[in-house]
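Proteins get letters first, then strands, A, B, ... in listed order; numbering begins at 1 in each.
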Amino acid sequence: MPQILEKRELAPRTHYFRVKVPLIARHAQPGQFIILRVHERGERIPLTIADSDRQSGTITLIVQEIGATTRQLAMLRTGDEIRDILGPLGTPSEIEKFGTVVLLGGGFGIAAIHPIAKALRNADNTIVSIIGARTRDLIIMEDEMRAASHDLVIMTDDGSYGRKGLVIEPLKEMIESGRRVDRVVAIGPLPMMRAVAELTRPYGIKTVASLNPVMVDGTGMCGGCRVAVGDSTKFACVDGPEFDAHLVDFNELSARTQMYRDFEKTHMCRIEERLQQLESAQGVAGQ
Amino acid sequence: MTISPQDRMKISRHPMPARDPEVRIRCFEEVALGYDEHTAREEAMRCLQCKRPYCVEGCPVSIDIPAFLREVVAGNIDKAAAIIKKTNSLPSICGRVCPQETQCEERCVLAKKGKPVAIGALERFVADYDRQFGLTKQQVNVRPSGKKVAVVGSGPAGLTAAGTLAQMGHSVTVFEALHEPGGVLVYGIPEFRLPKEIVREEVSSLLDLGVEFNLNVLIGRTLTIDELLGDGYSAVFLAPGAGVPQFMGIPGENLNGVSSANEFLTRVNLMKAFLFPEYDTPVYCGKRVAVIGGGNTAMDAARTALRLGPEKVYIVYRRSEKEMPARREEIEHAKEEGIEFLCLTAPVAYLSDSRGWVTEMECIRMELSEPDESGRRRPVPVEGSNFRIPVDTVIVAIGAKTNDLIVKATGGLSVAKKGYLLVDPQTQMTSRPGIFAGGDIAGGEATVIAAMGQGRVAAQSIDRYVRER
């Protein structure tokens, strides 16, 4: 079973994991993801590969505690093992020389933007990255993003760090001031990606969004992750996860992400109980 | 004891004992209960021991049916099991999921005037008895060949090829994308039709033969076929399964509450969503369920849904019941359990509430015209016959398309129509020497037994191929 070589907290409820999976590390490309299962009774969930290193055979995962599985994953520590990891999955990002590329990362979407920024920079693009979060504590991977970008703009909703406002604002200013933008990549909450798509649409700037719908197997077999893109229905796990943001039906996608929301909510309560028991047991054992 | 043909023909077919419908729709326990020893013997006596046994011709793996039935009558279940296992390595599974009525039993001479010998039920009896008492044990009787063979996928075709190759002395590694081996046997076919314990036992008997299972490896992504060939594997058998589920392309198919049968069944079978919240994976099943399609997968989905407690489950099929590709027994069981069949009916759109959840299904009546290329009469819509049914759950079970992942990641593989891998039917070899294929990827969706037959043929030609090199 894959072992966790390093785990630390990046921000409240956001964790960094470096996991030993040599075959995945050898093949991983920017834009790809893995599916994991924490334990024998666990659910399969997709997570973006935030970084990979062939030499050490490791990949980096950034995990935000938002559901039952990520909550249980966050309980694991350095040295623990993760039951199953499958990957790398999905079609890799298109990496070529486009010119000036603006990358927008919202919240823990910053983790997904990072490998793409690195690869695009290596392909001789001018990289402008705009990363943002609700507040200062939630800005992750600032140093890594700075290293991967020519220009890095930081935004917070509350103005506690960087500029106050949404990530879309600097992009809007760039476009309106006539600065050349050849391509935009946006990864973050659905409303943010939708807003970016609407901003760039009238200017005809090619805009890519990375989608994270409900998945089960991640290999194309179940079709749970289907998304309407233009006139056709695509499977995010094999055709994506990146799509032309101007063609994605965000309304439908946002409704589809609600399909299991009620199950998740009730399940979270149970998981919390389970974990609190576990935590108190660990606390007793540690004394 | 001798018994005349006249007396044999006087015995009537013994029905398969089944759990009471009222009981079984509230649980996932196996529905068909199997024969006891006495019933099996009585049923086997019905066989006329034809000089030219047509039943054997009807069997995709040519089991010597009269011979094994003779041994059942004589009480030699171990010999009966050995005869079956000569050509069928997964008889407990085939006895449960083969469509016998279109194979061996259809060709039985008794079927001309009355009911055929219950060959499937007898195969199951022998195989279960064999497993229960450990009568036959598969073993490797030959010297190791020193050759490594990779098997991609652990469904019926992959498991059969792996077992056959291991018995031939090769060192076999199976690569499986999911976290559990078995393919469609674990994610698709429900517990109440094929207990997963049986699949686990079959897998563990392969482990005993020295077969290695490498789970969580998606060939084409985690590893490529060329890497396998460069890593000492002399041949590769590709059996990754059917691929991606098909949808009809009608309005509303992406609404909440609409899913593919693959997703629905995978959640319940592989992820054990019927045990949620003890298991973390949920499955949505509302009060009024429509399953679209008439194959085994549709029956499985409908009967699985029923066990999750809705008020109403429909099967919606565009042809008539006669044309349904599902096994007869599954259709009967579905009806006994209270599933309503809406035949000659096709959905044309799904309607929703303001939050994007399906609330209604618009259908059109169909009528049958001339036979099409499948030999079945083609359904055509009856103009103006549209009607609506309230539903909150729709499960689409109309088949699959090929997943092109392996073809894209591997050079030199020729593809036939619809993306299936082109293989030589004599050898199952693809257009690239050393790469063989079988199961759904090599010919469209078929049965467990057809996939196993191809796995066996492939194993034989792989054996020849690696020894010649």
Q.
Heavy-atom cut-off 4.5 Å, strictly under: side chain, backbone, both or neither for B:Arg221 against chain A?
A. both
Q: Could you tell me the separation between the CD atom of B:Glu278 and the CZ atom of A:Arg41, rounded to the nearest 0.5 Å?
A: 7.0 Å
Q. Would you find a donor on one side and an acceptor on the other, under 3.5 Å apart, between the side chain of A:Tyr260 and the backbone of B:Tyr284?
A. yes
Q. Where the side chain of B:Asn403 meets the backbone of A:Thr219, is there a donor-acceptor pair that is under 3.5 Å apart?
A. yes
Q) What's the spacing between A:Glu264 CD and B:Asp280 CG if we round to 0.5 Å? A) 9.0 Å
**Q.** Crowding at NZ, A:Lys234 (>12 non-hydrogen neighbours, <6.0 Å)
**A.** no
(Q) Heavy-atom cut-off 4.5 Å, strictly under: side chain, backbone, both or neither for A:Gln32 against chain B? (A) side chain
Q: To the nearest 0.5 angstrom, please state how far the CG atom of B:Leu270 sits from the CE atom of A:Met221.
A: 7.0 Å
Q: Using a strict 4.0 Å threshold on nitrogen-to-oxygen distance, state whether A:Arg37 and B:Glu180 make a salt bridge.
A: no
Q: Can you tell which part of B:Thr266 gets under 4.5 Å to a heavy atom of chain A, answering side chain, backbone, both or neither?
A: side chain
Q: Could you grab the distance from atom OG1 of B:Thr222 to atom NE2 of A:His27, nearest 0.5 Å is fine?
A: 8.0 Å
Q.
Which one wins on heavy-atom pair count under 4.5 Å against chain B: A:Ala68, A:Gly218, A:Gly90?
A. A:Gly90
Q: Determine whether B:Trp357 and A:Met259 make a side-chain contact, defined as any pair of heavy atoms from C-beta on separated by less than 4.5 Å.
A: yes
Q: Against chain B, label A:Thr91 side chain, backbone, both or neither, depending on which of its atoms sit under 4.5 Å from a heavy atom there.
A: both
**Q.** Contact check, side chains of B:Leu218 and A:Leu89, non-hydrogen atoms, under 4.5 Å
**A.** yes
Q | Among the listed options B:Asn254, B:Val244, B:Val283, the residue most often paired with chain A at heavy-atom distances under 4.5 Å | A | B:Asn254
(Q) Report which part of B:Leu255 has an atom under 4.5 Å of a heavy atom belonging to chain A: side chain, backbone, both, or neither. (A) backbone
Q. What residue, out of B:Ser260, B:Gly249, B:Gly356, B:Pro245, has the most heavy-atom pairs lying under 4.5 Å from chain A?
A. B:Pro245
Q) Distance from A:Leu86 atom CG to B:Leu178 atom CG, nearest 0.5 Å? A) 8.0 Å
Q) Would you say B:Asn256's side chain and A:Ala255's backbone share a donor-acceptor pair under 3.5 angstrom? A) yes
Q: Heavy-atom pairs under 4.5 Å with chain B are the metric here; pick the option from A:Ala28, A:Gly223, A:Pro88 that has the most.
A: A:Pro88
Q. When rounded to the nearest 0.5 angstrom, what is the spacing between CG in B:Asn214 and CG in A:Leu23?
A. 8.0 Å
**Q.** For chain B, the option from A:Ile85, A:Asn251, A:Thr266 that forms the most heavy-atom pairs under 4.5 Å
**A.** A:Ile85
Q.
I need the residue from A:Arg226, A:Gln29, A:Arg256 with the largest number of non-hydrogen atom pairs under 4.5 Å to chain B.
A. A:Arg226
Q: Hey, can you tell me if A:His267 and B:Phe276 have their rings parallel, tilted or perpendicular (30° and 60° cut-offs)?
A: tilted
Q.
Does any backbone or side-chain atom of A:Arg26 lie under 4.5 Å from a heavy atom of chain B? Answer side chain, backbone, both or neither.
A. side chain
Q | chain A interface, residue from B:Glu253, B:His179, B:Lys272 that has the most non-hydrogen pairs under 4.5 Å | A | B:His179
Q: Select, from A:Ile24, A:Asp262, A:Thr233, A:Asp217, the one with the greatest count of heavy-atom pairs under 4.5 Å involving chain B.
A: A:Thr233
